[in-house]
Undergrad: 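The following block contains the structure, expressed as structure tokens.
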Amino acid sequence: MYGACRKASICCVSYLNYGQNAQIYPNSLGNQPLHAMTIFEKIIARQIPAKIIWEDDDAVAFHDVNPQAPVHVLIVPKRVIPRLTDAKDEDRALLGKLLLVARDLAKKLELSNGYRVVINCGPDAGESVPHLHVHLLGKRALAWPPG
Ligand code: 5GP
């Protein structure tokens, strides 16, 4: 199975494996090594440890290893979508769910004074893991605009 995208002068094919349900997704930036699992897939597969605080069939939430606020949680779909640019209309429900999980975790983590939800998409946004994820940050005042 394979997926391909053509953008400007690049043509890329990305292989993203998730357990036995190996799935291939077009990668808008073409920077996914062939056959590589993302670090988040490894967390989902329990190949590397993480402080997981919530999980269901569709997504998982765990504390960021390099927190930028007293609460910094990542909400990650189990099915790999490299980044928002690669999401399809069929992903509407999953994308909505990620936000509602952020809402619920903000309540669970007592972010009653406010919180920020962030999706970094692509190089200019500082995306470092090509597996769509929502940051939930809170428990301190957050500056605006972000750097
Ligand atoms: P991005 O920069 O792609 O929006 O966010 C990626 C986030 O993943 C960063 O905040 C980074 O600290 C976090 N991260 C990267 N590797 C790991 C890891 O192995 N474990 C955990 N828990 N977080 C990670």
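Both counts, for ligands and for their atoms, begin at 1 and track the order of listing.
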Undergrad: Below a 4.0 angstrom heavy-atom separation, can you tell me which part of His135, side chain or backbone, both or neither, approaches ligand 1?
TA: side chain
Undergrad: Decide whether His72 and His135 meet the rule of one side-chain donor and one side-chain acceptor closer than 3.5 Å.
TA: yes
Undergrad: Could you tell me, atom by atom, which parts of ligand 1 come under 4.0 Å of a heavy atom of Ile39?
TA: 19 (O)
Undergrad: Residue-level breakdown please: for Val65 versus ligand 1, do any non-hydrogen atoms fall below 4.0 Å on the side chain, on the backbone, on both, or on neither?
TA: both
Undergrad: What is the nearest protein non-hydrogen atom to atom 2 (O) of ligand 1, stated with its residue, atom name and distance?
TA: Ser128 OG, 2.8 Å
Undergrad: Under 4.0 Å between a Lys/Arg side-chain N and an Asp/Glu carboxylate O for Lys97 and Asp58?
TA: yes
Undergrad: Please confirm whether Ile48 comes within less than 3.5 Å of ligand 1 when only nitrogen or oxygen atoms on both sides are compared.
TA: no
Undergrad: Is the contact between Ile119 and ligand 1 made by the side chain, the backbone, both, or neither, using heavy atoms and a 4.0 Å cut-off?
TA: neither
Undergrad: Can you check whether Pro49's main-chain N or O pairs, donor with acceptor, with Lys42's side chain at less than 3.5 Å?
TA: no
Undergrad: Taking Arg116 for the side chain and Ala143 for the main chain, is one N or O donor matched with an acceptor at less than 3.5 Å?
TA: yes
Undergrad: Should Gly126 be counted as touching ligand 1, given the test is an N or O pair under 3.5 Å?
TA: yes
Undergrad: More than 12 foreign heavy atoms under 6.0 Å from CD of Glu110: is that the case here?
TA: no
Undergrad: Of the backbone atoms (N, CA, C, O) and the side-chain heavy atoms from C-beta on, which set of Val118 has a member under 4.0 Å from an atom of ligand 1: side chain, backbone, both, or neither?
TA: neither
Undergrad: Within the 4.0 Å heavy-atom shell around Asn66, which atoms of ligand 1 are there?
TA: 12 (O)
Undergrad: Start with the C-alpha distance between Asp86 and Arg83, add both sets of side-chain angles, then the distance that settles salt bridge (charged side-chain N to carboxylate O under 4.0 Å, His left out), and finish with yes or no.
TA: CA-CA 5 Å; Asp86 299 306; Arg83 61 192 54 80; 3.3 Å; yes
Undergrad: For Arg79, is there an ion pair with Asp91 - N to carboxylate O distance below 4.0 angstrom?
TA: yes
Undergrad: So which heavy atom in the protein is nearest atom 5 (O) of ligand 1, and how far is it from that ligand atom?
TA: His133 NE2, 2.9 Å
Undergrad: At what distance is the nearest protein heavy atom to atom 15 (C) of ligand 1, and which residue and atom is it?
TA: Val129 CG2, 4.2 Å
Undergrad: Flag His63 as yes when one of its N or O atoms lies below 3.5 Å from any N or O atom of ligand 1, and as no otherwise.
TA: yes
Undergrad: What are the atoms of ligand 1, with element, lying closer than 4.0 Å to any heavy atom of Ile43?
TA: 20 (N)
Undergrad: Does Asp64 reach ligand 1 with a nitrogen or oxygen that is under 3.5 Å from one of the ligand's nitrogen or oxygen atoms?
TA: yes
Undergrad: In ligand 1, which numbered atoms sit nearer than 4.0 Å to a non-hydrogen atom of Glu127?
TA: 2 (O), 3 (O)
Undergrad: At less than 4.0 angstrom from any non-hydrogen atom of Phe40, what atoms of ligand 1 do you find?
TA: 8 (O)
